[in-house]
Visitor: 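My questions all concern the structure below.
Naming convention: chains lettered A, B, ... in sequence-line order (proteins, then strands); numbering from 1 in each chain.
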Protein chains: 2
Amino acid sequence: MGIKCCHSPLTEAAAREILEQNGINKTKGKVEILCAISRTNRPLSVSEIHELLERACDLSTVFRTITQFKEKNLIRELNLDEAFARYELIHSAPVSHHHHHVRCRHCGDIQNIEDCDLAVFERAIARLGFTETEHRLEFTGLCAKCGK
Amino acid sequence: MGIKCCHSPLTEAAAREILEQNGINKTKGKVEILCAISRTNRPLSVSEIHELLERACDLSTVFRTITQFKEKNLIRELNLDEAFARYELIHSAPVSHHHHHVRCRHCGDIQNIEDCDLAVFERAIARLGFTETEHRLEFTGLCAKCGK
DNA sequence: CTGGTTGCAAACACTTTGCATGTCG
DNA sequence: CGACATGCAAAGTGTTTGCAACCAG
């Protein structure tokens, strides 16, 4: 319990299978992007992914692929108060693995938090050595009018 | 308890006093921007503020003023998964008035949530008629290394 | 073969900055 | 008067798009 980093790099074969299952063409770029995201245990920005691939494909291709992965719910987009978005794999494993993040305002380091309860959170974060903690909890949904 | 909109428009005099207390020059633009933010009960984007002022001052001035207000902790910056930031007044009243937001993924409507407890949240949001709710809880702070 | 995919360059949206001018205190 | 504030235009980011060449199925 508490804090744990979920780290599960995909083999190329596993990546190909995931793409297959989601009806996505298994091009070199897409396989590599999926592997790259699975290789890190922290959410990546598009340009970080681009650099991890050593620019093997164009930046716009990374953006397009990320968009596609997001639509297929392979990845989750995060907003950690930076000028850009970050993405992490959704481990479709048991149930959609719900967790959150702590990001250091100073060095930008990002760590995962596995529990989902405010009090537990605060304790877990303190245990990590974080100070001057702030949190931001935002909801989205369909309002009464829009929820058809 | 539950949901409530905190709405407290500032008179020009009150706005001037706040600026005074924070050592900010009381120029026409700054007074108007502060009033505009206090007049709405939902967080505003920079260009919404600009339009509310009927372009009485330049967009870059709004950006610069917002930056200054943020530094003085007069306003809070929010990130509601849009391509831009939103800002709302910090009611310095009793203690820093802590609350969150629900935003409709469809129409973009934003409402305030006053309580700060996940379970209460969920119920409150459901009571508002929101469906397909998602939330995002992110922390920032100084990690053990950076927290001097 | 044919539709999806890519690279490239250009376009976008939001935000920041440089500089000359204008205003507050 | 001097410091700060402003308008304007230009530059900077991160992201999106149009198009022709290309590749997977």
Visitor: Could you work out which one of dT6(C), dT16(D), dG7(C) sits closest to the side chain of F63(A)?
Guide: dT16(D)
Visitor: State whether K26(A) places a side-chain N or O below 4.0 Å from either non-bridging phosphate oxygen (OP1 or OP2) of dA24(D).
Guide: no
Visitor: Side chains of N25(A) and T27(A): any donor to acceptor distance under 3.5 Å?
Guide: no
Visitor: Measure from CG on D58(A) to P on dG4(C) and round the result to the nearest Å.
Guide: 21 Å
Visitor: Check whether any side-chain heavy atom of Y87(A) lies under 4.5 Å from a side-chain heavy atom of L44(A), and answer yes or no.
Guide: no
Visitor: Does the side chain of T27(B) get closer than 4.0 angstrom to OP1 or OP2 of dC24(C) through an N or O atom?
Guide: no
Visitor: Could you work out which one of dA5(D), dT6(C), dA9(D) sits closest to the side chain of Q68(B)?
Guide: dA5(D)
Visitor: To the side chain of K30(A), which of dT6(C), dT16(D), dT16(C) is closest?
Guide: dT6(C)
Visitor: Choosing from dT15(D), dG7(D), dG18(D), which nucleotide comes nearest the side chain of A85(A)?
Guide: dT15(D)
Visitor: Rounded to whole angstrom units, what separation is found between the CD1 atom of I33(A) and the P atom of dT6(C)?
Guide: 7 Å
Visitor: From dG7(D), dG25(C), dT15(C), pick the nucleotide closest to the side chain of C57(B)?
Guide: dG7(D)
Visitor: Please state whether the phosphate of dG7(D), meaning OP1 or OP2, lies under 4.0 angstrom from any side-chain nitrogen or oxygen of S60(B).
Guide: no
Visitor: With hydrogens left out and only the distance checked, is there a donor-acceptor pair under 3.5 Å joining R64(A)'s side chain and the base of dG18(D)?
Guide: yes
Visitor: Choose from dT15(D), dT15(C), dG7(C) the nucleotide whose nearest atom is closest to any side-chain atom of V46(B).
Guide: dT15(C)
